[in-house]
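Read the numbers this way: they start at 1 and go in the same order the structure lists the ligands and their atoms.
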Amino acid sequence: MRLLLGLLVAVIVGGAGFLVYAWKPSIDPIEPPDRASFDQALIEEGSRLAAVGNCTACHTRPGGRSFAGGLAIPTPFGTIHSSNITPDPATGIGDWSEEAFNRSMREGVSRDGSHLYPAFPFDHFTLVSDEDNRALYAFLMTRQPVEEVPPANDLPFPLNQRLVLAGWKMLFLREGPYANVAGQSEEWNRGAYLADGLGHCGACHTPRNALGAVRAGEHFAGGEAEGWAAYALDANSPAPVPWTVDSLYAYMRQGWHPDHGV
Ligand code: HEC
Ligand code: HEC
């Protein structure tokens, strides 16, 4: 009896704790800000950062308008469609404040308080600084608004319940922003910030566990991207010739290097 009672208390306390963790408030909608209210230099910085984060690749469907979403992203759990992140107030993020945008990047939570699927790589984007999020926000809020609702996701129960994602986050999300690693150079920290944050290299180059989370202990040990092998970038690299600063630079810039191919 005492054991049962203990269990019951544990379940209630645990459940209440989970709900406190899982509940996120809605952030009030705003009047879509005027384009002229954003600084031009900030918009340009945001454009560069959006390229690093490759936002357009996931947020533009083939033949679709830029950033209007609707791209079907296959996952081992079902199909998730990317959101419309143009500044259309009804179907995009036009009525999102900077605070709401910052929270979506840092915590993977939509403006209305619902949890987002990690098909949106917020487990990496969480490292992005408030300052860089401000630039990304300025860039996105000054794009062409497109009125378009992405198709519904195709996920089985209970994965179609967004509350489940709070459990996933409890287990796997280590919230940012990025903190410099002491003893490493400024250049090294800048690289780690870009690669692990906006660049989300590990989303493809790190293996994932059964729940679809990247294995923290196997950083860059090689993963998979839609059927393509994303080779190891750590000591297990299969490259027959070791990578150098110059070959990596050329490969990233041109998608080709004589020692490493296409
Ligand atoms: C690997 C694919 C991928 C990349 C890259 C990506 N996103 Fe997304 N994003 C998604 C998906 C999928 C969703 C929808 C998640 C959901 O419905 O739970 C989403 C949702 C969002 C949302 C929430 C919108 C809403 O209405 O709740 C924002 C904001 C967002 N992305 C911004 C960005 C920005 C900014 C970038 C680039 C820095 C980016 N995304 C890059 C896949 C991606
Ligand atoms: C959307 C998935 C994805 C992301 C994100 C990604 N990569 Fe890759 N990467 C791949 C795939 C797939 C390949 C293999 C391409 C091929 O087979 O030609 C690859 C290849 C590479 C290679 C060549 C490896 C070799 O041994 O030939 C390097 C280097 C590399 N990526 C670096 C990066 C870096 C750095 C980042 C982050 C800035 C990054 N990748 C982000 C999917 C990705």
Side-chain angles (χ1 to χ4, degrees), residues 27 46-61 67 69-75 79-88 91-96 100-125 128 132-133 135-137 139-141 143 149-153 155 159-160 162 165 191-206 214 220 222-234 236-244 247-252 255-257 259-262:
I27 294 178
S47 163
R48 276 188 292 274
L49 292 168
V52 175
N54 213 2
C55 319
T56 188
C58 287
H59 283 280
T60 310
R61 62 176 170 78
F67 302 113
L71 180 75
I73 298 176
T75 76
T79 304
I80 297 168
H81 292 93
S82 61
S83 320
N84 179 345
I85 55 169
T86 72
D88 180 62
T91 62
I93 61 167
D95 63 358
W96 285 37
F101 176 75
N102 205 8
R103 183 177 71 169
S104 71
M105 294 285 283
R106 184 74 37 81
E107 300 177 33
V109 174
S110 193
R111 187 191 64 71
D112 67 2
S114 54
H115 292 281
L116 294 164
Y117 289 98
F120 168 38
F122 62 78
D123 50 333
H124 296 88
F125 293 168
V128 177
D132 284 352
N133 279 335
L136 281 165
Y137 178 75
F139 172 70
L140 289 174
M141 295 303 271
R143 295 312 91 199
V149 180
N153 294 333
L155 293 161
L159 298 180
N160 56 3
R162 289 181 179 271
L165 297 168
Y193 171 71
L194 285 173
D196 288 339
L198 262 188
H200 65 284
C201 317
C204 299
H205 288 281
T206 301
V214 296
F220 292 166
E224 189 256 350
E226 293 176 28
W228 290 80
Y231 306 117
L233 301 178
D234 63 1
N236 301 316
S237 162
V241 181
W243 287 89
T244 64
S247 63
L248 184 69
Y249 179 90
Y251 182 89
M252 297 299 281
W256 179 82
H257 186 271
D259 291 345
H260 300 284
V262 184

Closest non-hydrogen atom pair between V241 and H260, with its separation: O-CE1, 3.1 Å
Strictly distance-based, threshold 3.5 Å: is any side-chain N or O of S104 a donor or acceptor partner for the main-chain N or O of V109? no
Please state which protein non-hydrogen atom is closest to atom 36 (C) of ligand 2 and give its distance, to 0.1 Å? C201 SG, 2.8 Å
Could you tell me which N, O or S atom of H59 is nearest to atom 8 (Fe) of ligand 1? NE2
Would one find an N or O of N54, backbone or side chain, under 3.5 Å from an N or O of ligand 1? no
Considering only non-hydrogen protein atoms, determine which one is nearest to atom 29 (C) of ligand 2 and report residue, atom name and distance to 0.1 Å. L248 CD1, 3.6 Å
Enumerated ligand 1 atoms positioned under 4.0 Å from heavy atoms of I73: 12 (C)
Winner among C55, A57, S83 once heavy atoms are compared against atom 37 (C) of ligand 1: C55
H59 (side chain) donor-acceptor with G69 (main chain) under 3.5 angstrom: no
Test of ring centre spacing under 6.0 Å for H200 and F125: yes
Please write down residue, atom name and distance for the protein heavy atom closest to atom 35 (C) of ligand 2. M252 CE, 3.5 Å
What part of L140, side chain, backbone, both or neither, has a heavy atom within less than 4.0 angstrom of ligand 1? side chain
Region of A229 that comes within reach of ligand 2 [heavy atoms, distance under 4.0 Å]: backbone
Go through ligand 2 atom by atom and flag the ones less than 4.0 Å from a non-hydrogen atom of H200. 5 (C)
Do you know the tightest heavy-atom contact between A225 and C204? CB-SG, 3.7 Å
With a 4.5 Å heavy-atom cut-off, do R111 and D95 have their side chains touching? yes
Taking all non-hydrogen atoms of both residues into account, name the closest pair between Y137 and F101 and its distance. CD1-CB, 3.6 Å
Nearest neighbour in protein (non-hydrogen) for atom 28 (C) of ligand 1: I85 CG2, 3.6 Å
Taking the side chain as every heavy atom from C-beta outward, state whether I93 and P87 have any atom pair closer than 4.5 Å. no
Options F120, W96, F101, ranked by nearest heavy atom to atom 11 (C) of ligand 1, top entry: F120
Identity and distance of the protein heavy atom lying nearest atom 23 (C) of ligand 1: L116 CD1, 3.7 Å
Using a 3.5 Å distance criterion without hydrogens, assess whether the side chain of N153 forms a donor-acceptor pair with backbone atoms of L155. no
Considering only the protein, which heavy-atom contact is closest to atom 16 (C) of ligand 2, and what is its distance? Y231 CE1, 4.2 Å
I want to check something: taking the side chain as every heavy atom from C-beta on, are V262 and H257 in contact at a cut-off of under 4.5 Å? no
Taking only heavy atoms of G199, which atoms of ligand 2 are found under 4.0 Å from at least one of them? 37 (C)
Can you report which non-hydrogen protein atom sits closest to atom 18 (O) of ligand 2, along with the distance? V262 O, 3.2 Å
Would you call P242 and T244 a side-chain contact if the rule is heavy atoms closer than 4.5 Å? no
Could you tell me if the ring centre of Y251 sits under 6.0 Å from that of W243? yes
Please identify which atoms of ligand 1 are closer than 4.0 Å to at least one heavy atom of Y117. 16 (C), 18 (O)
Would you say R162 contacts ligand 1, with heavy atoms under 4.0 Å as the rule? yes
Kindly determine whether D132 and Y193 satisfy side-chain hydrogen bond (donor to acceptor under 3.5 Å, both in side chains), including the steps that lead there. CA-CA 11 Å; D132 284 352; Y193 171 71; 2.7 Å; yes
Can you list the steps and then say if N102 with W96 is a side-chain contact (heavy atoms from CB on, under 4.5 Å)? CA-CA 10 Å; N102 205 8; W96 285 37; over 6 Å; no
Out of all atoms in ligand 1, which are within 4.0 Å of some heavy atom of L198? Include the element for each. 38 (C)
A student checking ligand 1 against S104 at a 4.0 Å heavy-atom cut-off should list atoms 29 (C)
What I want to check is whether the side chains of T91 and N84 have a donor and an acceptor closer together than 3.5 Å. yes
Considering non-hydrogen atoms of the protein only, which is the closest contact for atom 15 (C) of ligand 2, and what is the distance? Y251 OH, 4.3 Å
Identify the protein heavy atom lying closest to atom 27 (O) of ligand 1, giving its residue, its atom name and the separation to 0.1 Å. S110 OG, 2.6 Å
Tell me whether ligand 1 is touched by V52 - counting only heavy atoms on the residue side and a distance under 4.0 Å. no
Have a look at ligand 2 and work out which part of L233, if any, has a heavy atom under 4.0 Å from it: side chain, backbone, both or neither. side chain
At a non-hydrogen distance cut-off of under 4.0 Å, which region of A203 contacts ligand 1 (side chain, backbone, both, or neither)? neither
Heavy-atom gap A50 to ligand 1 smaller than 4.0 Å: no
Considering only heavy atoms, does L49 approach ligand 1 within less than 4.0 Å through its side chain, its backbone, both, or neither? neither
So, 2.8 Å as the limit: is an N/O/S atom of C204 located closer than that to atom 8 (Fe) of ligand 2? no
Examine the side chains of T86 and D88 and answer whether a donor and an acceptor come within less than 3.5 Å of each other. no
Any side-chain heavy atom of S237 within less than 4.5 Å of one from Y231? no
To check your reading of the model: name the closest protein heavy atom to atom 1 (C) of ligand 1, its residue, and the distance in Å. C58 SG, 2.7 Å
Does V214 offer a backbone N or O that forms a donor-acceptor pair with the side chain of T206 under 3.5 Å? no
To check your reading of the model: name the closest protein heavy atom to atom 30 (C) of ligand 2, its residue, and the distance in Å. H205 NE2, 3.6 Å
In the protein, what heavy atom is nearest to atom 24 (C) of ligand 2, and what distance, to one decimal place, separates them? W243 CZ2, 3.6 Å
